[in-house]
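Everything below concerns the one structure shown next.
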Amino acid sequence: MPSFAVLELRAALLTWYSQSGRNLPWRQTCDPYAIWVSEIMLQQTQVKTVIPYFDRWMLQFPTIEAIAAADLQSVLKAWEGLGYYARARNLHRAAQDIVQQHDGIFPTELDAVLALPGIGRTTAGGILSAAFNQPLAILDGNVKRVLARLIALDVPIAKALPRLWKLSQDLVDPKHGRDFNQALMDLGATVCTPHNPACLVCPWQSHCQAYNLGTQSQIPMSETRAPVPHKQIGVAVIWNDRGQILIDRRKPEGLLGGLWEFPGGKVEAGETIEACIQREIQEELGITIAVGERLIVVNHTYTHFRVTLNVHHCRYLSGDPQTIACDEIRWVTLAELDQFPFPKANLQIIAALRQGEAQSSRAPLK
DNA sequence: CACTCGTGGAC
DNA sequence: TGTCCAAGAGT
C-alpha cells in the first residue's frame, strides 16, 4: 500500500511532466524497436548528440529485420562518431536474436528483454515502460541524482544501488509507467541538474530532503576516480607506389572493436617517433617501411586515458602485409576511406590527408 | 565489484 | 586548460 507521500510525488511529477516534459523524436512512437534504438544510443550520451544519429538510423534501418540483415560494417558506419561501439555490435546481434528466437517481434517479458545483449536493467525498464506502459523501475544517471537528493543520500551512489532501485520501483506509478519514467528522467535533465538545480520550480521541492536541508549542491557525493595516463602513439600513413594507403580493421572486441584505423603503436621509453613507427609496423604487419615527414599530431581523450597520435607519412618498401594484430588489411585510395568506419581521432588524420591533397593539387610539387 | 568502454558539451 | 558527466552494460 503506497503511502500518501508516494501518491503525492506521483501526482506532482505527472502534472509537471504534462506541462514541462520534453518533446523528443522517440516519444512520437510506441514502436519498441525505435524506442530500443533510442535507449541504446542514449546510454552515456546526451540527447542533443543522439537526435541526428537516431533520425538517420531509423531511415537506414527502419525495422528489426532491416538491422538484423545488415552487415556489421554498415552498422558501425552508421554508429561512427557516437562512441562505445559495443552498443552497435550488441544492437546488431540482439536484432538477429530477436529474428531467430522471437519471430522478429520485440519481446514484452522482462526476462526475455534482459537476455538480449546490450540491454541491462535500466534499458529494459526504459523500453518496456515507454513502449508498453509497464510499471518497471529505471535507474539511469538522472534518476540516481534525483532520488539521491530526494532522500538526502549520505553515501556515494555506488554504495546505495539496491536502496535506489527499490525506491525507484516503489515510486513508479503502476498505471502510468511510461509517463512516470519519462518524467523522472526529464526532471533530472532539466530541473534536478548536476550543477545549480532549479529547485524553485521543482514539483518535488517540498518532499526533497536535500532541499529542505540545503544540501542539494553536495548530493550526490562525488566518487573517487583514478588519474588518467597519457600515451604517446606513433601512427603510419603508409603509401604504396600506386597511390594507395594501408588501413587495418581492429579485432572485434575491446577498444574501438571492428573499426578501421591507420596502424601504429605505443612509443617506448627512450624511443623516437620514427623508430616506434618502423618497429610497430614490422611487428604488427610484417612489412618494412621508410618513415617520412610528419603529417599531423592529434590529441585525443578517452574515458580512462589520453593519447597523442604522432602521424607520419610512410613509404611501403617490402614484405607481404600480415594480419598479426588485426582482423583485416586493405590498400585503399583517399576517396575510398569514406566507406569505412573510423574512430574520431582517425577522422582528423583523414581530414589532414584531404587538406594536403587539395593544397598539392592547387600548387603541385615539382 | 572495480574496471573497461568514446565522445562531446558545459563550466 | 582541466574536470565532470551524459537515458549503462559487460566482465
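We name chains A, B, ... by the order of the sequence lines, and we start the count at 1 in each one.
The distance from atom CD1 of A:I51 to atom C1' of B:dG9 is 14 Å, rounded to the nearest whole Å. Rounding to whole angstrom units, NE2 of residue A:H230 and P of C:dT1 are separated by 12 Å.
Annotation: ring pair (Phe, Tyr, Trp, His ring centres under 6.0 Å) contacts involving residues 272-310 of chain A, sequence neighbours excluded, comprise A:H300-A:Y302, A:Y302-A:F305.
Applying the salt bridge (Lys or Arg N to Asp or Glu O under 4.0 Å) rule to A:E336 yields no partners; only residues at least two apart in sequence or on another chain are considered. A:D170 is linked by a salt bridge (Lys or Arg N to Asp or Glu O under 4.0 Å) to A:K166, counting only residues two or more places apart in sequence or in another chain. For A:P252, the side chain to side chain contact (heavy atoms under 4.5 Å, CB included) partners are A:D327, not counting sequence neighbours. A:D186 pairs by the salt bridge (Lys or Arg N to Asp or Glu O under 4.0 Å) definition with A:R22, A:R27, not counting sequence neighbours. Under the salt bridge (Lys or Arg N to Asp or Glu O under 4.0 Å) criterion, A:E261 pairs with A:R250, not counting sequence neighbours.
Contact record, A:I324 with A:K251: O-NZ, 4.4 Å, taken as the closest heavy-atom pair.
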>> At under 4.0 Å between heavy atoms, how does the protein contact nucleotides 6-11 of chain C? Give one character per nucleotide, 5' to 3', with B, S or -.
In response: BBBSS-
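Note on A:K344: a side-chain N or O is less than 4.0 Å away from OP1 or OP2 of B:dG8.
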Could you write out each protein N or O paired with an N or O of nucleotides 1-4 of chain B at a distance under 3.5 Å?
none

Give every donor-acceptor pair under 3.5 Å between a side-chain atom in residues 191-198 of chain A and any protein atom, sequence neighbours left out.
residue, atom, partner, partner atom, Å
A:T193, OG1, A:H195, O, 2.9

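Using a 4.0 Å heavy-atom criterion, one finds that A:G81 contacts the sugar-phosphate atoms exclusively.
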